[in-house]
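Structure record follows, encoded as structure tokens.
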Amino acid sequence: ATSSDPYISVCCPEGERFKDNVVAKTKTVKKTLNPYYEQTFKFILSENHYPYLHLEVYDWDAASGDDIIGKCVINLYDFDSF
């Protein structure tokens, strides 16, 4: 691909369903393979949430729907302040 329209969806598993719930989403950065996001998100996780954040990177596409182009899982216990 020569360019992409990426955005990141921040999800957090909750409850016994292990279903991801979107808690934040970045803006879409148009026509780039090296997006830079100057955004900060704050949210409170309840006791039902697992201590993980799932980041999913999508390529926005109005015609055929968004395509997932990457993902990772962050363990919040890896941070001292959690």
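Quick note: numbers below take in every heavy atom, side chains included, and nothing from hydrogens, waters or symmetry partners.
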Donor + acceptor pair across side chains of Glu56, Tyr58 (<3.5 Å): yes
Quick check: do Lys30 and Trp60 have side-chain heavy atoms less than 4.5 Å from each other? yes
Closest approach of Thr32 to Ser3 (non-hydrogen atoms, all atoms of both residues): N-CB, 4.1 Å
In terms of heavy-atom contacts, does NZ of Lys71 have more than 12 from other residues, nucleotides or ligands at under 6.0 Å? no
Value for SG (Cys12) from CG (Leu76), rounded to nearest 0.5 Å, stands at 7.0 Å
Would Phe41 end up clustered with Ile8 when hydrophobic side chains under 4.5 Å apart are linked, directly or stepwise? yes
side-chain contact (heavy atoms from CB on, under 4.5 Å) between Val22 and Val10, intermediate numbers included: CA-CA 6 Å; Val22 176; Val10 181; over 6 Å; no
Check: Tyr7 main-chain N/O paired with Thr26 side-chain donor or acceptor under 3.5 Å: no
Same apolar cluster: Val23 and Tyr37, side chain cutoff 4.5 Å: yes
Return the minimal non-hydrogen interatomic distance between Thr2 and Leu33, and the atom names on each side. O-CD1, 3.7 Å
For the residue pair Asp5 and Asp59, what are the closest heavy atoms and their distance? N-OD1, 2.8 Å
